[in-house]
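Proteins come first, then strands; the chains are lettered A, B, ... in the order of their sequence lines, and each starts at number 1.
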Amino acid sequence: NAGVTQTPKFRILKIGQSMTLQCTQDMNHNYMYWYRQDPGMGLKLIYYSVGAGITDKGEVPNGYNVSRSTTEDFPLRLELAAPSQTSVYFCASSYEGADYGYTFGSGTRLTVV
Amino acid sequence: AQSVAQPEDQVNVAEGNPLTVKCTYSVSGNPYLFWYVQYPNRGLQFLLKYITGDNLVKGSYGFEAEFNKSQTSFHLKKPSALVSDSALYFCAAMDTGRRALTFGSGTRLQVQP
């Protein structure tokens, strides 16, 4: 049982480049989330999904896009990377929402230079 | 908008002594509260949650948390700290609209031998 798998673990992007952060879970969880973690700032919600085909914005969605074509996968797309997007990105999933607790991936450390 | 505050960036305690990591919250409606722990270069791991019921909640690794409605607090406690408890601790509250978690800024716990 792999849980939540994120790839890549590390990435350096140049300003203006684009990339997709991959997230997949094998627990048949309906809810999936993307957070970014900045030092001293806790985690901020970027986007979330309550099921395949349904996504919605969180607190800090600007500069990002998501899709949810299957229950298992929830990729995060960065278009036109900016230094402000340097952060650690975490994907999480939950069975029926946060009150059941999240399962987190191990994170992607992204640096934009 | 709901919020979670962790007033201490770092807590230092000697091994064997009791520890407390503070958390206060501001939510509308009944609070659903959580504690997570993050070890270096890892995702967050669920420790415990308060949904309803007893004000003292017991969780993983000997941790417990005390819910105090009048003080809007949800402090994490452990009777006897271990060096291996050293990590970053996050308090969180559920946004019942999004069914997503709002996190505090985190408290680094350092347990000295």
Side-chain angles (χ1 to χ4, degrees), chain A residues 2-10 21 23-25 27 29-51 54-61 66 74 87-109, chain B residues 1-10 21-25 27 29-53 57 59-60 63 65 67 74 87-108:
Chain A
V4 178
T5 303
Q6 289 184 240
T7 56
K9 293 190 182 302
F10 304 94
L21 281 65
C23 175
T24 187
Q25 52 92 7
M27 298 169 287
H29 283 173
N30 292 323
Y31 287 70
M32 296 188 74
Y33 310 85
W34 274 105
Y35 284 86
R36 57 178 287 173
Q37 182 181 22
D38 300 322
M41 299 294 290
L43 282 76
K44 300 295 185 184
L45 182 65
I46 305 172
Y47 271 95
Y48 68 103
S49 170
V50 301
I54 306 170
T55 63
D56 209 344
K57 296 177 180 179
E59 302 170 74
V60 290
V66 294
F74 190 41
S87 189
V88 180
Y89 292 84
F90 287 101
C91 180
S93 72
S94 178
Y95 178 57
E96 282 291 345
D99 50 343
Y100 283 80
Y102 287 172
T103 299
F104 278 88
S106 57
T108 295
R109 186 174 295 274
Chain B
Q2 65 181 48
S3 63
V4 176
Q6 293 180 243
E8 303 156 316
D9 290 337
Q10 181 156 324
V21 182
K22 296 179 180 178
C23 171
T24 59
Y25 64 90
V27 303
N30 293 324
Y32 291 4
L33 303 168
F34 301 78
W35 277 100
Y36 282 80
V37 59
Q38 184 181 32
Y39 296 100
N41 301 314
R42 303 284 296 276
L44 279 70
Q45 298 175 32
F46 171 79
L47 274 180
L48 51 81
K49 66 180 179 182
Y50 172 84
I51 304 296
T52 186
V57 179
S60 305
F63 283 93
F67 171 69
F74 189 55
L88 189 57
Y89 290 80
F90 289 95
C91 183
M94 190 174 81
D95 178 334
T96 53
R98 295 185 176 128
R99 302 191 70 78
L101 291 177
T102 298
F103 286 87
S105 56
T107 299
R108 186 165 301 282

Check whether A:Gln37 gets within reach of chain B through its side chain, its backbone, both or neither, counting any heavy atom under 4.5 Å.
side chain
Less than 6.0 angstrom separating the ring centers of A:Tyr102 and B:Phe34, yes or no?
no
A:Tyr89: partners by ring pair (Phe, Tyr, Trp, His ring centres under 6.0 Å), with sequence neighbours left out:
A:Tyr64
If one checks every heavy atom of A:Leu43 against chain B at 4.5 Å, the contacting part turns out to be both
B:Thr102 side, atom OG1; A:Leu45 side, atom CG - distance, nearest 0.5 Å
7.5 Å
With sequence neighbours left out, what residues match A:Val50 under side chain to side chain contact (heavy atoms under 4.5 Å, CB included)?
A:Tyr31, A:Tyr48, A:Ile54
Of all heavy-atom pairs between B:Gln38 and A:Phe90, which one has the smallest distance, and what is that distance?
NE2-CZ, 3.3 Å
For atom CG of A:Asp56, is the number of surrounding heavy atoms from other residues, nucleotides or ligands below 6.0 Å larger than 12?
yes
What part of B:Gln6 gets within 4.5 angstrom of chain A, counting heavy atoms only: side chain, backbone, both, or neither?
neither
Residue part contacting chain A, namely of B:Leu33, when any heavy atom lies under 4.5 Å:
neither
